[in-house]
Colleague: 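Provided herewith is a single structure, encoded as structure tokens, for subsequent inquiry.
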There are 2 protein chains.
Amino acid sequence: MAKDVSADNPLNEVGHSLTAAAPRRRLSYDERRAEFVSMAIEFFAQEGFESSTRGLARRLNVTQPLLYRYFPSKDDLIAEVYEAVYVQRWRDEWGRLLADRSRPVRDRMIEFYHAYTDAIFNDDWMRIFLFSGLKGVGIHGQYLGIVRERIIETMLTEMLHERGLAVAPLTEEEIEFGWTMHGGIFYYGVRMLIYKSSVLNNKTFVIESVVDSWLSQIDSIHARARARAEG
Amino acid sequence: MAKDVSADNPLNEVGHSLTAAAPRRRLSYDERRAEFVSMAIEFFAQEGFESSTRGLARRLNVTQPLLYRYFPSKDDLIAEVYEAVYVQRWRDEWGRLLADRSRPVRDRMIEFYHAYTDAIFNDDWMRIFLFSGLKGVGIHGQYLGIVRERIIETMLTEMLHERGLAVAPLTEEEIEFGWTMHGGIFYYGVRMLIYKSSVLNNKTFVIESVVDSWLSQIDSIHARARARAEG
DNA sequence: CTGGTTATTTATCGATTGAAAAATAACAAC
DNA sequence: GTTGTTATTTTTCAATCGATAAATAACCAG
């Protein structure tokens with residue numbers, strides 16, 4: 001009649017399946033909850049959001065139904081993962097840094113991209129960003145809107161201002177060209193962290209060369225776009 | 001006793017669940033197989049590779065076990081999807097185009113990126129590329145190796161040759177800088193097709209500005225990299 | 001030591017999954 | 001028409017999924 005000590009039992013690692021052996025630890029509500037969200041970020045980033053709540057529970061050394069004491073559904077847990085990754089890792093100071101006109105724009109851009117990539121060039125963030133992008137979840141689109149507004153458009157405005165060029169309104173061409181710079185740097189992170197390619201171990205080089213490359217063309221882009229807009 | 005006319009029945013669309021109503025068409029082995037692979041590309045691209053074989057069968061108006069007459073397992077079917085997307089859509093002429101020294105390198109690069117993005121800027125290719133990248137399947141890494149060899153390194157070699165600069169061996173910096181250009185263009189496709197962002201509807205502009213931006217910096221990159229390599 | 005609270009586990013449900021086996025029906029050859 | 005082949009469906013299975021309800025045990029207050 002051997003009790004079905006199933007895979008839900010967090011202690012069944014290598015066969016000693018006696019339920020008794022459990023030194024069951026008991027955490028406070030807040031501690032457990034924080035542990036669950038934190039571990040869920042890592043778990044879903046590695047395994048994908050289609051992975052089972054049982055797999056997550058196993059990694060937490062906890063039974064699967066316990067998750068449902070803290071989150072009403074798997075989707076709610078996933079929503080908290082998004083929140084933790086997208087919202088809590090965004091730094092408002094990035095926008096202020098880029099808008100600080102006491103410094104050359106090139107310096108600001110390079111410092112920004114160092115700080116920004118310090119925040120996003122890690123397995124958890126990158127993989128969750130791509131997973132959620134493929135799923136088309138709302139928060140991913142919102143995040144892109146913020147990047148456009150607070151980063152791409154700010155960099156353009158500041159650069160055009162510094163060079164004494166007409167700023168408003170920014171043209172679609174200028175913004176798109178901003179995205180290509182952003183994408184060049186982002187893709188470096190994708191190759192390094194998602195594709196596990198062997199990349200140049202020199203983030204500074206990548207940031208500076210992409211930024212300089214962008215700066216060398218922005219005047220020409222600006223002139224072309226304005227001519228087209230007026231002609 | 002109502003027979004369990006389950007979801008496996010391809011004719012159960014809107015309730016007329018009588019099994020009799022089937023005008024069952026019967027295709028040859030090769031036709032069916034081709035249809036399955038072709039539809040599986042679209043299906044898995046949209047729904048992800050975790051989606052069920054029943055979902056795929058439903059879309060094919062066919063029962064789910066029929067799939068197993070043509071493919072021994074779901075993984076084998078997925079492998080054929082990869083094959084069809086990665087191998088069959090690659091054009092060997094791209095390499096020849098880039099190496100044609102009767103034309104200016106800039107022209108070749110721009111023409112190449114037009115042709116290349118014509119091939120890959122579609123939902124199926126882009127989504128399957130990202131899905132497989134996140135899963136870390138072998139063929140994805142192999143594909144990146146080919147892109148590096150046949151595209152990135154070729155463009156660099158040709159450009160340095162045209163400008164009378166030392167070509168061999170290419171430095172890591174030069175190659176990484178090549179990837180940032182590639183990534184800038186690729187990211188344009190990701191924003192358009194994966195993220196469904198509203199992007200500038202002018203692929204020519206994106207390609208030309210990224211290529212020109214890259215060309216304007218490659219001399220400086222080259223000089224810096226060589227100095228570092230020798231110093 | 002006792003009683004109440006609650007974090008945690010045990011047990012279980014219905015739905016869905018990939019897959020196999022057996023039954024059926026479409027088509028070709030004669 | 002009859003027969004043989006095989007494409008297709010029907011039926012079914014064990015495993016796994018998200019989720020619920022009930023039992024249990026750890027901790028705190030008195």
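Proteins come first, then strands; the chains are lettered A, B, ... in the order of their sequence lines, and each starts at number 1. Note that the structure is a prediction, hence the values are computed from the model and not measured.
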Colleague: Which pairs with one or both residues in residues 60-80 of chain B pass salt bridge (Lys or Arg N to Asp or Glu O under 4.0 Å), sequence neighbours excluded?
Modeller: B:Arg33-B:Glu80
Colleague: Assign each of B:Phe49 and A:Phe36 to its nearest nucleotide of DNA chain C by heavy atoms, then name whichever residue's nucleotide is nearer the 5' end.
Modeller: A:Phe36
Colleague: A:Arg69 has a side chain; which of D:dT8, C:dT6, C:dA21 sits nearest to it?
Modeller: C:dT6
Colleague: Among all residues two or more places apart in sequence or in another chain, which pass the side-chain contact (heavy atoms from CB on, under 4.5 Å) test with B:Asp30?
Modeller: B:Ser28
Colleague: I want to verify a distance call: between D:dT10, C:dT8, D:dT8, whose nearest atom is closest to the A:Tyr70 side chain?
Modeller: C:dT8
Colleague: Enumerate all atom pairs, one protein N or O and one N or O from nucleotides 15-17 of chain C, separated by less than 3.5 Å.
Modeller:
from: C:dT17; atom 1: OP1; to: B:Ser52; atom 2: OG; distance (Å): 3.3

Colleague: Whole-Å distance between C:dT6 C1' and A:Glu31 CD?
Modeller: 15 Å
Colleague: Just compare C:dA19, D:dA19, D:dT9 and give me whichever is closest to any side-chain atom of B:Thr63.
Modeller: D:dT9
Colleague: Among pairs that include at least one residue of residues 134-147 of chain B, which meet side-chain hydrogen bond (donor to acceptor under 3.5 Å, both in side chains), considering only residues two or more places apart or in two chains?
Modeller: B:Tyr116-B:Tyr143
Colleague: Going by side chain to side chain donor-acceptor pair (under 3.5 Å), A:Tyr113 matches just one of A:Glu208, A:His182, A:Lys203. Which one?
Modeller: A:His182
Colleague: Could you check how far CG of B:Leu60 sits from P of D:dA7, rounded to whole Å?
Modeller: 16 Å
Colleague: For B:Leu97, give me all partners under side-chain contact (heavy atoms from CB on, under 4.5 Å), at least two apart in sequence or on another chain.
Modeller: B:Arg103, B:Glu111, B:Phe112
Colleague: Just checking B:Ser28: base, sugar-phosphate only, or nothing, at a heavy-atom cut-off of under 4.0 Å?
Modeller: nothing
Colleague: Starting at CD of A:Gln64 and ending at P of C:dA7, how long is that distance when rounded to a whole Å?
Modeller: 18 Å
Colleague: Do the rings of B:Tyr195 and A:Phe129 sit parallel, tilted or perpendicular, given the 30° and 60° boundaries?
Modeller: perpendicular
Colleague: For residues 85-99 of chain A, pull every pair meeting salt bridge (Lys or Arg N to Asp or Glu O under 4.0 Å), keeping only residues two or more places apart or in separate chains.
Modeller: A:Asp92-A:Arg150
Colleague: What's the closest nucleotide to the A:Arg32 side chain, out of C:dT8, C:dA21, D:dA21?
Modeller: C:dT8
Colleague: Rounding to a whole Å, what distance do you find between A:Leu56:CG and D:dG18:P?
Modeller: 10 Å
Colleague: Could you please name the option among D:dT11, D:dA7, C:dT9 that lies closest to any side-chain atom of A:Val62?
Modeller: C:dT9
Colleague: D:dA23 C1' sits how many Å from A:Leu66 CG, rounded?
Modeller: 15 Å
Colleague: B:Asn61 has an atom CG; how far is it from atom C1' of D:dT8, in whole Å?
Modeller: 13 Å
Colleague: Can you tell me how far P of C:dA7 sits from CG of A:Leu67, to the nearest Å?
Modeller: 14 Å
Colleague: Which nucleotide in the set C:dA19, D:dT10, C:dA11 lies at the smallest distance from any side-chain heavy atom of B:Tyr68?
Modeller: C:dA19
Colleague: Can you measure A:Leu77 atom CG to D:dC17 atom P for me and round it to whole angstrom units?
Modeller: 15 Å
